[in-house]
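Okay, structure first, notes after.
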Amino acid sequence: MAILRIRSVQGRLKSFSTCASHITVVTMFCMPAMVMYMKPGSEASPDEDKKLALFYNVISAFLNPIIYSLRNKDVKRALLKVTGWSRAPE
């Protein structure tokens with residue numbers, strides 16, 4: 001709601017970009033942990049718990065710098081160029 005109250009379009013985009021990266025990282029860490037710890041004991045599976053723990057400990061830590069580096073315009077432009085999603089060739 002606070003982002004929507006910002007008057008300038010550039011300010012809103014910058015704020016949303018910052019919030020989106022924070023929310024993505026927090027969600028990648030918290031969701032697997034919540035799934036693992038809120039499951040009833042009858043549905044507990046040690047193998048599934050290991051996979052979830054691996055995700056929220058290793059994968060989220062690995063992707064964290066990548067997600068935050070995408071806020072950099074040069075990194076974002078290079079990623080779009082490598083994946084072929086860029087609009088205009090450079």
Side-chain angles (χ1 to χ4, degrees):
M1 295 302 293
I3 292 174
L4 297 176
R5 287 189 291 241
I6 297 173
R7 292 184 185 200
S8 72
V9 175
Q10 288 179 337
R12 272 192 299 242
L13 289 175
K14 188 172 182 178
S15 298
F16 181 73
S17 174
T18 301
C19 289
S21 57
H22 291 320
I23 290 170
T24 302
V25 170
V26 169
T27 301
M28 282 178 34
F29 180 78
C30 291
M31 290 307 288
M34 286 188 343
V35 167
M36 188 167 71
Y37 292 116
M38 294 181 78
K39 241 185 325 187
S42 60
E43 296 179 18
S45 164
D47 289 335
E48 193 174 302
D49 287 347
K50 286 178 189 176
K51 290 175 189 172
L52 285 170
L54 176 74
F55 184 82
Y56 81 81
N57 283 316
V58 177
I59 307 292
S60 64
F62 174 74
L63 291 177
N64 192 1
I66 295 169
I67 290 169
Y68 282 110
S69 69
L70 289 176
R71 292 175 52 205
N72 182 321
K73 290 179 185 177
D74 295 333
V75 173
K76 194 182 302 184
R77 191 177 307 122
L79 178 69
L80 292 174
K81 188 176 179 181
V82 167
T83 59
W85 291 345
S86 61
R87 294 181 193 158
E90 294 182 19

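Counting begins at 1 with the first residue of the sequence. Below, each value reflects all heavy atoms present in this structure, side chains not excepted, and no hydrogens, waters or symmetry copies.
Listed by chain and residue number, Y56 satisfy the ring pair (Phe, Tyr, Trp, His ring centres under 6.0 Å) test with F29 (two or more places apart in sequence, or in another chain). For the side chain to side chain contact (heavy atoms under 4.5 Å, CB included) test, residues two or more places apart in sequence or in another chain that qualify with L54 are V58. Taking P40 as the reference, S42, E43 meet the side chain to side chain contact (heavy atoms under 4.5 Å, CB included) condition, with sequence neighbours excluded. In this view, S21 and I67, Y68, R71 satisfy the side chain to side chain contact (heavy atoms under 4.5 Å, CB included) rule, not counting sequence neighbours. When the salt bridge (Lys or Arg N to Asp or Glu O under 4.0 Å) test is applied to D47, no partner is found at least two apart in sequence or on another chain. Qualifying side chain to side chain donor-acceptor pair (under 3.5 Å) partners for N72, counting only residues two or more places apart in sequence or in other chains: none.
To the nearest 0.5 Å, the span separating OG1 on T24 from CG on N64 amounts to 10.5 Å.
None of V25, T27, V26 except one satisfies the side chain to side chain contact (heavy atoms under 4.5 Å, CB included) rule with I23; the exception is T27.
For the pair R77 and D74, the minimum side-chain heavy-atom distance is below 4.5 Å.
When hydrophobic residues (I, L, V, M, F, W, Y) are linked wherever their side-chain heavy atoms come within less than 4.5 Å, the members clustered with M34 are M31, M38.
Between I59 and M28, the closest heavy-atom pair is O-CE, 4.4 Å.
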For residues 2-9, tabulate all N or O donor-acceptor pairs below 3.5 Å that involve a side-chain atom, not counting sequence neighbours.
unit_1 : atom_1 : unit_2 : atom_2 : d
S8     : OG     : G11    : N      : 3.0

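Pairs passing the ring pair (Phe, Tyr, Trp, His ring centres under 6.0 Å) check and including a residue from residues 32-55, sequence neighbours excluded, do not occur.
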